[in-house]
There are 2 protein chains.
Amino acid sequence: MKSDKELVGASTAVIILGVLAREPSYGYQIVKRVNEAADGVWEWQEGTVYPVLHKLEKDKLVRAQWQEADTGRQRKYYYITAAGRDALSTQAERWKAFNGIVAQLVETPHG
Amino acid sequence: MKSDKELVGASTAVIILGVLAREPSYGYQIVKRVNEAADGVWEWQEGTVYPVLHKLEKDKLVRAQWQEADTGRQRKYYYITAAGRDALSTQAERWKAFNGIVAQLVETPHG
DNA sequence: AAATGATACCTCGAAGTTCTTGGGTTGTCA
DNA sequence: TGACAACCCAAGAACTTCGAGGTATCATTT
């Protein structure tokens, strides 16, 4: 367990879906938001997020759309699809189950 | 998120440490116990566990010792070390923190 | 007691994933 | 026009997992 990498990796896709379920967003902003929430526990690199976004798009769980921001700059906004919401709730459930079992197994006798 | 693999991968080492913190054990038995606890949510293969055990040993978080079981058979028992216990509690804490943030991010507005 | 089959245990190589590194473009501001 | 910030992406390196197989022990049969 060299770094937090392994902890983080498992959940990238679920987190992104969660963020997009609240509100459409674009890669750069997703990174910012998640890193803010993570508050130092872990930190995403930009390069980490884009491949996952592309995969989610390919799987039709999100849909991408270039859009002009009020700044005049072009941004690639991602919207979660209906299938994406389904996947999100399924995965969130699975995550909870998984975490419960881990917690139980890791629970030590003497605190 | 093709399978449970990614969910599972993050925590293999922590889980093993947790199991060994309760009681020394050997590879085959660890697999059995964890799979029983996982109860279908995921399932370890034997080949998955041994590399991790070896890495933990190399990192001095566990210590291995061949021992004769009551059946007369030789088994390689793994014991958690003091450093291993430290790592376990550190990682368990980190896991909790991590999971809390994920839960918060994944929480959807409408259930 | 020798042979056979089943069980317990471990290792190694191949395959598939993810992250990191680093780069490339567009717009803003001095 | 130079520097900096916002924004996006590709490819290789590094990691893990899976699958197949190898060895040793026990039980059974004859």
Side-chain angles (χ1 to χ4, degrees), chain A residues 1-16 19-20 24-36 38 41-59 62-78 91 98, chain B residues 1-17 19-20 24-36 38 41-59 62 64-78 91 98:
Chain A
M1 193 146 307
K2 180 180 302 171
S3 67
D4 293 337
K5 197 203 316 182
E6 299 152 42
L7 274 185
V8 175
S11 54
T12 310
V14 196
I15 293 176
I16 292 179
V19 169
L20 293 181
S25 184
Y26 51 95
Y28 191 81
Q29 190 179 37
I30 295 175
V31 173
K32 285 269 154 75
R33 285 201 180 151
V34 169
N35 283 343
E36 199 172 332
V41 174
W42 81 86
E43 188 167 351
W44 280 359
Q45 310 299 94
E46 294 179 29
T48 311
V49 172
Y50 290 104
V52 179
L53 279 172
H54 298 154
K55 193 183 172 207
L56 289 175
E57 186 182 5
K58 186 176 137 231
D59 293 347
V62 306
R63 154 176 68 82
Q65 187 175 339
W66 283 99
Q67 233 169 291
E68 182 164 354
D70 45 357
T71 67
R73 180 186 287 270
Q74 288 293 21
R75 285 175 184 156
K76 197 171 183 181
Y77 275 86
Y78 287 91
Q91 295 298 335
F98 173 68
Chain B
M1 192 144 305
K2 182 179 302 171
S3 68
D4 294 337
K5 197 203 312 183
E6 301 151 39
L7 273 186
V8 174
S11 54
T12 310
V14 195
I15 292 176
I16 291 179
L17 286 177
V19 169
L20 292 180
S25 185
Y26 49 95
Y28 192 81
Q29 190 178 37
I30 295 175
V31 174
K32 285 267 156 76
R33 285 200 181 152
V34 170
N35 282 344
E36 199 172 333
V41 174
W42 81 85
E43 187 167 352
W44 280 358
Q45 310 298 94
E46 293 178 29
T48 311
V49 171
Y50 290 107
V52 179
L53 278 171
H54 298 153
K55 191 183 173 207
L56 289 174
E57 186 181 6
K58 185 176 138 232
D59 292 347
V62 306
Q65 188 175 340
W66 282 100
Q67 229 169 295
E68 183 165 353
D70 46 357
T71 67
R73 178 188 289 270
Q74 287 292 24
R75 284 176 183 156
K76 195 169 182 182
Y77 275 86
Y78 288 90
Q91 295 298 335
F98 173 69

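Of all heavy-atom pairs between A:Trp42 and A:Val34, the closest is CZ2-CG1, 3.9 Å. The two residues A:Asn35 and A:Trp44 make their nearest non-hydrogen contact at OD1-N, 2.7 Å. Scanning both residues, B:Tyr78 and B:Val62, for their nearest heavy atoms gives CD2-CG2, 3.9 Å.
Residues passing the side chain to side chain donor-acceptor pair (under 3.5 Å) test with B:Lys32, sequence neighbours excluded: B:Tyr28.
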How would nucleotides 8-15 of chain C be written as a contact map, 5' to 3', with B for base contact, S for sugar-phosphate-only contact and - for no contact, using protein heavy atoms under 4.0 Å? BBBB----

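Per the geometry, CG belonging to A:Leu56 stands 10 Å off P belonging to C:dT18, to the nearest Å. Between the P atom of D:dC8 and the CD atom of A:Glu68 lies a distance of 14 Å, rounded to the nearest Å. Rounding to whole angstrom units, CH2 of residue A:Trp42 and P of C:dC19 are separated by 12 Å. Distance B:Gln45 CD to D:dA20 P: 11 Å, rounded to the nearest Å. Going from atom CD of A:Glu43 over to atom C1' of C:dC19 covers 14 Å, rounded to whole Å. Summarising the geometry, the separation between CG on A:Asn35 and P on C:dC19 is reported as 13 Å, rounded to the nearest angstrom. When the P atom of D:dT17 is taken as reference, atom CH2 of B:Trp44 falls 9 Å away, rounded to whole Å. In this structure, A:Arg33 atom CZ and D:dA6 atom C1' are separated by 15 Å, rounded to whole Å.
When side chains are defined from C-beta on, A:Ile30 counts as touching A:Leu53, because their heavy atoms get closer than 4.5 Å.
Listed for the A:Glu57 side chain is no donor-acceptor partner under 3.5 Å among the backbone atoms of A:Arg63.
Contact annotation: A:Thr12 side-chain N/O to C:dC19 OP1/OP2 distance is under 4.0 Å. Within the structure, every side-chain polar atom (N or O) of A:Thr48 is placed at least 4.0 Å from both OP1 and OP2 of C:dC19.
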